[in-house]
Amino acid sequence: MLINYGSFAYFMYIILSLALCVGLYFLFRKKSDFVKKILVLSVASINLLQHLMKPIIYPQYFGTGFSYLESAYNMCAFLIIISPFVILFGSSLMRDFLTYLGTTAGMIAIIVPYWFIGQSAFQWEAYRFYLCHSLLFASSILPCLLGLHKIKFRNFYKIGFVFFLALIMILFNDTVFVALGLYPETDINDLFASLSLINPCWCMHPPANFGWLSNIISALSPSAFLGNAEGKIYIPILWYAIPMYILITLITFALGAIFDRDGFDAFISYLKNAFSRIKAFFKEKFKKENKQP
């Protein structure tokens, strides 16, 4: 059985991933907050353990030893590693970040599994892929579903900055593994080319099939970040920072307004009061200028 968009195997894995999350929600929704937190922490910790122990758990990695695959080499891996710590010690901002990015990254990977299109649904690498992303999705969204965390509207403009900080950490991670010779098909003597080949989260340059999205990014990004026409050397992360920040902020603004109505109303009241103060200031200034002889 092959995985293709619209095939039985394609929908089977999506349904199983959603069923895991829905099943855990209904099983634990009436439990105490302590039990709910243990559940979420357990799901995130299991995901972290399977990520770190790939050479021991999965047959396709037997004997490979520690490598970049057990590190924060892409966004999903980064989120899997930080999830238990954010759940235990994270601020409201980091919990919001995990909710937004973990839920989105986990589900998008499951819905768009382009690595496995045309491949067998029954192979160890497919099992690992769907397991880790299903657990990432569940551990990211369950805190909100179970009432352990409430999205804060006031964080909407900060999420984009945390996203770029995560990209910097991922890029640093990959740099270290290239330097140690633990990243295949890379050359420490040409670090930029090696990182461009890896291209984690597309932070080095757009993929070849970006299509019309490249035009939007080019329109919103300074040309200095996109290189010259001959070499087309993109500035890492900065080449899509502005449009990506706008997109993330618009989405988090909308979701924050929906899930934190009180915070949104307080924000609107603040804007109204600020506008009233500015209006009063200029009105008073205009009066004083007109009174002068």
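Taking each heavy atom of N199 and C203 in turn, the nearest pair found is OD1-N, 3.5 Å.
Note on I278: it does not cluster hydrophobically with F275, by side-chain heavy-atom contacts below 4.5 Å among ILVMFWY residues. L16 and L131 fall within a single hydrophobic cluster, where Ile, Leu, Val, Met, Phe, Trp and Tyr side chains are chained together by heavy-atom contacts under 4.5 Å. Hydrophobic clustering (ILVMFWY, side-chain heavy atoms < 4.5 Å, transitive): Y68 and F192 are in one cluster. Transitive grouping of hydrophobic side chains (ILVMFWY, heavy atoms separated by less than 4.5 Å) brings L171 and F161 into a common cluster. If you chain together hydrophobic residues whose side chains sit under 4.5 Å apart, F172 and I80 fall into the same group.
Of the possible donor and acceptor atoms, one in the side chain of N47 sits under 3.5 Å from a partner among the backbone N and O of C132. Between the side chain of Y13 and the main chain of Y127, no donor-acceptor pair closer than 3.5 Å is present. The backbone N or O of I246 sits nowhere less than 3.5 Å from a side-chain atom of T249 that would complete a donor-acceptor pair. Of the possible polar contacts, one joining the K54 side chain to the L69 backbone as a donor-acceptor pair under 3.5 Å is found. The closest donor-acceptor contact from the side chain of H51 to the backbone of S71 lies under 3.5 Å. A distance-only check finds a donor-acceptor pair linking the side chain of S221 to the backbone of W239 [under 3.5 Å]. Using modelled atom types, one side-chain atom of N273 and one backbone atom of S269 make a donor-acceptor pair closer than 3.5 Å. Checked by atom type and distance alone, the side chain of Y240 never pairs as donor or acceptor with a backbone atom of S218 at under 3.5 Å. A side-chain donor-acceptor contact under 3.5 Å links T252 to the backbone of F156.
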Could you give the side-chain donor-acceptor pairs of residues 19-37 under 3.5 Å, partners two or more places apart or in another chain?
{"from": "S32", "atom 1": "OG", "to": "V35", "atom 2": "N", "distance (Å)": "3.3"}
{"from": "K36", "atom 1": "NZ", "to": "R29", "atom 2": "O", "distance (Å)": "3.1"}
{"from": "K36", "atom 1": "NZ", "to": "L146", "atom 2": "O", "distance (Å)": "3.1"}

Just distance, no hydrogens or angles: give the donor-acceptor pairs under 3.5 Å from side chains in residues 98-110, sequence neighbours left out.
{"from": "T99", "atom 1": "OG1", "to": "R95", "atom 2": "O", "distance (Å)": "2.8"}
{"from": "T103", "atom 1": "OG1", "to": "T99", "atom 2": "O", "distance (Å)": "2.7"}
{"from": "T104", "atom 1": "OG1", "to": "Y100", "atom 2": "O", "distance (Å)": "2.7"}

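With contacts defined as side-chain heavy-atom distances shorter than 4.5 Å, the pair L79/S140 does not qualify. At a threshold of 4.5 Å between non-hydrogen side-chain atoms, the residues P200 and Y73 do not count as touching. Residues S83 and L48 form no side-chain contact, since every pair of their non-hydrogen atoms from C-beta on lies 4.5 Å or further apart. Under the 4.5 Å side-chain criterion, counting only non-hydrogen atoms from C-beta, Y234 is in contact with L226. Using a 4.5 Å heavy-atom threshold, the side chains of M75 and F163 count as touching.
For the residue pair Y58 and Q50, a side-chain donor N or O sits within less than 3.5 Å of a side-chain acceptor on the partner.
Residues forming a side chain to side chain contact (heavy atoms under 4.5 Å, CB included) with W115 (at least two apart in sequence, or on another chain): F129.
Under the side chain to side chain donor-acceptor pair (under 3.5 Å) rule, D260 has a single partner from K152, K150, R154, which is K150.
Between F153 and F259, a ring centre-to-centre spacing not shorter than 6.0 Å is recorded.
Ring-plane geometry between Y130 and F116 is classed as tilted, the angle between the planes lying from 30 to 60 degrees on a 0 to 90 degree scale.
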